[in-house]
Number of protein chains: 2
Amino acid sequence: MGLSNITVLRKREIVKAFYQTAVKEGLEGTSIAKIAKTLEIQPSLIVHYYKSKDELITALIDHCLELYLKIFEESYSSKNDPRAMLVALINRMFSKDWNDLFDDGVYYSAYAMVFREPAFREKFSKIHKTLREQLSDLLEKCDQSGEINCENPSLTANRIFFLLDGTYFFINMLSTQKEQNEHLKQSKLLAFEMLGLK
Amino acid sequence: MGLSNITVLRKREIVKAFYQTAVKEGLEGTSIAKIAKTLEIQPSLIVHYYKSKDELITALIDHCLELYLKIFEESYSSKNDPRAMLVALINRMFSKDWNDLFDDGVYYSAYAMVFREPAFREKFSKIHKTLREQLSDLLEKCDQSGEINCENPSLTANRIFFLLDGTYFFINMLSTQKEQNEHLKQSKLLAFEMLGLK
DNA sequence: CTATTTATTGAACGACCATTCAATAATTTG
DNA sequence: CAAATTATTGAATGGTCGTTCAATAAATAG
């Protein structure tokens, strides 16, 4: 049997509307009724597809991971040697591209939920881990082909990630776009430095 | 005239109850009624002291800043030369002390609000800036007395902070306490390295 | 001690919340 | 085409929300 076409479509549509509404109203401020209004359907229809609000949030986190993973895929497919892939990836990670992928307010709200709901923590941890492993794998490839010198790819990937996490947390505390861009650039240089590139 | 003694006490008491409740129920899940229940008073009494929920949140953010600033003060007063102060400070910043000061869930929820409410952004930015400046001032003192070599104290302070922000964001994605401690230690070493200490 | 201000209670308001349920419309299956 | 399943509506439920208001208790001021 499986899910019919319309089921998959509706579910995706609902998650998208959930995200859109959450951008405006905040993740916790977004009710099922508001999502329904965005889609011009009845609230009960949303409940028909997602049995609870927690299920909706889980789906939203999954959606978020998909978006981030796409950047990895794109960086891989656009180049053909490991070094060029790595440079392309780092360039995208430390750019507006990456930051604009998912609304900051929604992202940090979801992150905050991790501390109260173990299921969300597991979900979020998995995203983070998947992304780190993706980078680690690429670093290992670059090391093996002699492009970079990286003794411990996993550790280096982790370091790049806490530079990344810290940078985005930090730049949102700066008032002007100019300052933000400046710091983003700074961090990117630091990342390349850590990798022994450029 | 000014605020009477009982006013100051009650207001502080309410903010504390707000925090306690938010730790359990989440920042956005904490209603005025729940705070009132925690204190065993009427909801309307809370409204008497804080005209709106936003005022309450603002007070909570202020309370948070006070806590963090205290760590700076303590680090300063416990030692008498700049270098010892700096070492003491970095040690505390990259330790459970710092992390346990304020609940992570509440902290990141408040941070997330910054993206929807400009008043909160201003407030939060100010906290962050104040802390960075405190560190920058200390770095400058250390540089002048020749304890460390720091050309641009402000930039270095910023770098320490995005290492700090990133580290705490990152370690909460790790499952075991052991892994978390390991990474915290790693980051602390990196911080000392960045400062040319140890 | 009286008048005034402040603290506190308790009830009430309309708005919105997540969730349930039965009824109807559309689609799929046999 | 008929039966069964799925999609969708619309109304209803009990609960909580932030906020308002008038009444009472306590504290302060003159």
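Numbered from 1 within each chain, the chains take letters A, B, ... in sequence-line order.
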Below 3.5 Å is the cut-off: list the nitrogen or oxygen pairs between protein and nucleotides 21-27 of chain C, distance only.
none

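- Within the 4.0 Å cut-off from OP1 or OP2 of C:dT8, at least one side-chain nitrogen or oxygen of B:R10 is found.
- Between B:E13 and B:R10 there is a salt bridge, since at least one side-chain N of the basic residue sits less than 4.0 Å from a carboxylate O of the acidic one.
- Straight-line distance from the OH atom of A:Y50 to the P atom of C:dT19: 15 Å, rounded to whole Å.
- Distance, A:I35 CD1 to C:dC17 P: 10 Å, rounded to whole Å.
- When the C1' atom of D:dT6 is taken as reference, atom CG of A:L9 falls 15 Å away, rounded to whole Å.
- In this structure, NZ of A:K37 is placed 15 Å from P of D:dT9, rounded to the nearest angstrom.
- Mapping B:S52 and A:I41 onto DNA chain D by nearest heavy atom places A:I41 closer to the 5' end of the strand.
- Every residue meeting the side-chain hydrogen bond (donor to acceptor under 3.5 Å, both in side chains) condition with A:D97, not counting sequence neighbours, appears here in chain and number order: A:R92.
- Of the candidate nucleotides D:dT19, D:dA7, C:dT19, D:dT19 has the atom lying nearest to any side-chain atom of B:P43.
- Rounded to the nearest 0.5 Å, atoms CG (A:L56) and CG (A:L27) are 10.0 Å apart.
- Comparing the axis of the opening five pairs of the helix from C:dG14-D:dC17 to C:dG30-D:dC1 with that of the closing five pairs yields an angle of 20°, rounded to 10°.
- Side-chain N or O atoms of A:Y68 include none that pairs as donor or acceptor with a backbone N or O of A:H128 at under 3.5 Å.
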Pick out the pairs of N or O atoms, protein on one side and nucleotides 13-17 of chain D on the other, that lie under 3.5 Å.
unit_1 : atom_1 : unit_2 : atom_2 : d
D:dC17 : OP1    : B:S31  : OG     : 2.5
D:dC17 : OP2    : B:S31  : OG     : 3.3
D:dC17 : O5'    : B:S31  : OG     : 3.4

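- Between B:N172 and A:Y111 there is a side-chain heavy-atom pair separated by less than 4.5 Å.
- Here A:D81 pairs with A:R83, A:A84, A:E147 under the side-chain contact (heavy atoms from CB on, under 4.5 Å) rule; sequence neighbours left out.
- Although no hydrogens or angles enter the test, the distance criterion places no donor-acceptor pair under 3.5 Å between the side chain of A:S136 and the main chain of A:R132.
- Applying the 4.0 Å criterion to OP1 and OP2 of C:dT6, one finds that B:Y49 has every side-chain N and O outside that range.
- Distance CG (B:L39) to P (C:dT8): 11 Å, rounded to an integer number of Å.
- Closest to the side chain of B:V47, from the set D:dA7, D:dT20, C:dT9, is D:dT20.
- Residues A:F162 and B:H183 form a side-chain contact, since some pair of their non-hydrogen atoms from C-beta on lies under 4.5 Å apart.
- Side-chain nitrogen and oxygen atoms of B:T7 include none within less than 4.0 Å of the OP1 or OP2 phosphate oxygen of C:dT6.
- Rounding to whole angstrom units, CD of residue A:E40 and C1' of D:dT9 are separated by 14 Å.
- In this structure, CG of B:L56 is placed 13 Å from C1' of D:dT19, rounded to the nearest angstrom.
- OP1 or OP2 of D:dT8 has not a single side-chain nitrogen or oxygen of A:Q42 nearer than 4.0 Å.
- Atom CD1 of B:I46 is separated from atom C1' of C:dA7 by 14 Å (rounded to the nearest Å).
- The side-chain heavy atoms of A:D62 and A:K123, taken from C-beta on, include a pair separated by under 4.5 Å.
- Ring pair A:F124/A:Y107 is tilted by interplanar angle, where 30° to 60° counts as tilted.
- Hydrophobic clustering, with ILVMFWY side chains joined whenever heavy atoms are under 4.5 angstrom apart, groups A:L163 together with A:L197.
- Side-chain atoms of A:H48 lie closest to D:dT8 of the nucleotides C:dT9, D:dT8, D:dT9.
- Remark: A:E133 engages A:K129 in a side-chain contact (heavy atoms from CB on, under 4.5 Å) (not counting sequence neighbours).
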